[in-house]
Amino acid sequence: MLRWTTAGESHGKALVAVLEGVPAGVEVTTGMIRAALARRRLGHGRGARQAFERDELEVLGGVRHGRTIGGPIALQIANTEWPKWSTVMSPDPVDPAALLVDAGTGDEREIARNRPLTRPRPGHADLPGLLKYDLEDARPVLERASARETAARVALGAVAAALLDQLGGISLVSHVVRVGDVALPEDAPRPVPSDEERLSADPVRCTDPGVSALMVERIDRARKAGDTLGGVVEVIATGVPVGLGSHVSAERRLDARLAGALMGIQAVKGVEIGDGFAEAGRPGSLAHDEILSLSQGRVERATNRAGGIEGGISNGSEIRVRAAYKPISTVPRALRTVDLATGEEATGLHQRSDTTAVVPGAVIAEAMVALVLADALLDKTGGDSLTEARRNLTSYLARISERTRW
Ligand SMILES: Cc1cc2nc3c(=O)[nH]c(=O)nc-3n(C[C@H](O)[C@H](O)[C@H](O)COP(=O)(O)O)c2cc1C
Ligand SMILES: C=C(O[C@@H]1CC(C(=O)O)=C[C@@H](OP(=O)(O)O)[C@H]1O)C(=O)O
């Protein structure tokens, strides 16, 4: 079983992430994790922060000489701006007077940073968080609610992806299928893992360069209009063996685990497995994936509408899932709110912000799918070392092959 957690705030000193349950012997290097973090920083529509954020990574434990050692893997990602925030986010008590000065800069952002945030921003965790945690200031809520935390998840996802590749030959790819009202046609080519490099260099990770250009234009238009956008991303996993997840209980279902992990990403409001929502409008005769042949463990299907999962179990086809991101909550054309300090009408605070998070959203969704699949694969294989897990997988697949030899 894989267990993971993250800690840290958006403007704290650093984020940390811990992943437990990875067998010994998996090749993991700082370079691999850094590359995943660099992919998350790409993409059109990000705000000022991504231009300077360096995501400085340190591996604190669980890896020696480029291989996992079987213990919890601990990662740290520094927040580049920490020196500017060290008083506001100090873990030690600070003199309240120190928070009321603008550090002599006269800079609006500096002043806002130091003042209590009492005007909850619609679409953020601010209002429910303030009330639930009995706070006067929304700062502690937004610091942890921020999607900055997804850097830690992407770092963990890179380790999970290494395990999937080295244990099962499983690869993942993700792309953007919609930004606001600009969508990739349903019959557009789906990316295959070899497209990975090309896609990751695109300003919008979309398979069609024409649509990608329209998406870039749409994002620019939203930014100029003081608005924000959401969209849809797709993650595809190839090489997933039949038998991950289980029909026997709700929490072991692979579709439920994927949906939960994707919905756990900030701003994700919808998840689709395979043709999910379109399936609801089809007759049964056009909704399922007919089995054309089955030989030596290989299944040939006419279609893959199910997205590679039947009965909560991977069926050997590509796993295909989508996540819908709502538009960024901090709308530059500020939305109406109420100031909790006075009870008066106000507008939400707007500082620097992203116009859309859909492009990094694809990389983040891919990381979450990697973590779920790695967990499900280890459920199947067990094993304290990569060699043992591989041997177990090989013998399981050999049995399937033997049973389907006619
Ligand atoms: C990669 C990424 C970047 C984001 N950047 C911003 C941002 O710059 N400004 C903002 O208001 N919301 C941003 N968000 C969204 C909010 O953090 C999120 O919607 C908010 O915390 C409310 O949580 P909820 O959407 O889960 O309800 C981002 C989300 C993601 C996934
Ligand atoms: C820092 C990241 O995303 C941040 C997510 C975010 C939010 O409210 O979710 C708000 C912005 O942060 P800031 O207020 O510091 O500009 C984004 O930049 C990141 O993805 O690394």
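This chain uses plain numbering: 1 for the first residue, then up along the sequence. In each ligand, atom 1 is the first atom listed, and ligand 1 is the first ligand listed.
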In ligand 2, the atoms that come under 4.0 Å of a heavy atom of R40 are 19 (C), 20 (O), 21 (O)
With heavy atoms and a 4.0 Å threshold, my read on which part of Q266 contacts ligand 2 is neither
For G129 and L135, the nearest pair of non-hydrogen atoms, with its separation, is O-CD1, 4.4 Å
- Counting both backbone and side chain atoms, is some N or O of R148 under 3.5 Å from an N or O of ligand 2? yes
message: Between N79 and S10 (side chain of the first, backbone of the second, donor and acceptor by atom type, cut-off under 3.5 Å), is there such a pair?
response: yes
Here the side chain to side chain donor-acceptor pair (under 3.5 Å) pairs for residues 260-274, sequence neighbours left out, are E149-Q266
Within 4.0 Å of some non-hydrogen atom of H124, the atoms of ligand 2 are 8 (O)
The answer for which part of E53 has a heavy atom under 4.0 Å from ligand 2 is neither
Practice task
Output yes when the distance from some N or O of ligand 2 to some N or O of R46 is under 3.5 Å, and no in every other case.
Solution key: yes
Distance col, row E136:CD vs D134:CG, nearest 0.5 angstrom, shows 7.5 Å
request  = For E143 and W85, run side chain to side chain contact (heavy atoms under 4.5 Å, CB included): C-alpha distance rounded to whole Å, both residues' side-chain angles, the deciding distance at 0.1 Å, then the answer.
outcome  = CA-CA 12 Å; E143 284 291 338; W85 289 85; 4.1 Å; yes
### Query
Under the side chain to side chain donor-acceptor pair (under 3.5 Å) criterion, do D202 and H175 qualify, and how do the steps go?
CA-CA 10 Å; D202 280 351; H175 66 149; over 6 Å; no
- [ ] Mark the output for Q50 as yes if a heavy-atom distance to ligand 2 is under 4.0 Å, and as no if none is.
- [x] yes
Quiz item: Run the side chain to side chain donor-acceptor pair (under 3.5 Å) check on R121 and S329 step by step: do they pass?
Solution: CA-CA 8 Å; R121 300 158 307 159; S329 310; over 6 Å; no
So, D339 side chain and A346 main chain: donor-acceptor pair closer than 3.5 Å or not?
no
For ligand 1, find each of its N or O atoms that sits under 3.5 Å from a protein N or O atom, and tabulate the pairs with distances to one decimal place.
residue, atom, partner, partner atom, Å
ligand 1, 5 (N), D354, OD2, 2.7
ligand 1, 8 (O), S353, OG, 3.3
ligand 1, 8 (O), D354, N, 2.9
ligand 1, 8 (O), D354, OD2, 3.2
ligand 1, 9 (N), S353, OG, 2.8
ligand 1, 11 (O), H124, NE2, 2.6
ligand 1, 11 (O), T330, N, 2.9
ligand 1, 11 (O), T330, OG1, 2.5
ligand 1, 21 (O), A145, O, 3.4
ligand 1, 25 (O), A267, N, 3.1
ligand 1, 25 (O), K326, NZ, 3.0
ligand 1, 26 (O), A267, N, 3.3
ligand 1, 26 (O), K269, NZ, 3.4
ligand 1, 27 (O), K269, NZ, 3.3
ligand 1, 27 (O), K326, NZ, 3.2

Taking every heavy atom of P185 against every heavy atom of V211, the minimum-distance pair comes out as CD-CG2, 4.0 Å
Atoms of ligand 2 under 4.0 Å from any heavy atom of D354, numbered from 1 in the order shown, are 17 (C)
* Below 3.5 angstrom, do we get any N/O pair linking E81 and ligand 2? -> no
### Task
Walk me through it: do N304 and R320 pass the test side chain to side chain donor-acceptor pair (under 3.5 Å)?
CA-CA 9 Å; N304 182 18; R320 191 162 52 80; 5.5 Å; no
| request: Would you confirm whether Y325, through its side chain, and G361, through its main-chain N or O, come within 3.5 Å as a donor-acceptor pair? | output: yes
Checking heavy atoms under 4.0 Å, the part of T330 that sits near ligand 2 is neither
Which of D227, T347, T228 passes side-chain hydrogen bond (donor to acceptor under 3.5 Å, both in side chains) with R333? It is D227
Note: ligand 2 atoms sitting under 4.0 Å from heavy atoms of A147 are 5 (C), 7 (C), 9 (O)
Non-hydrogen atoms of R41 versus ligand 2: any pair closer than 4.0 Å? no
- [ ] Check the pair D375 / M1 against side chain to side chain contact (heavy atoms under 4.5 Å, CB included), numbers first and verdict last.
- [x] CA-CA 6 Å; D375 184 28; M1 188 180 75; 3.9 Å; yes
Check: of H11, E149, R49, min heavy-atom distance to atom 14 (O) of ligand 2 comes from H11
Measuring from non-hydrogen atoms of R352 to any atom of ligand 2, is the shortest distance under 4.0 Å?
yes
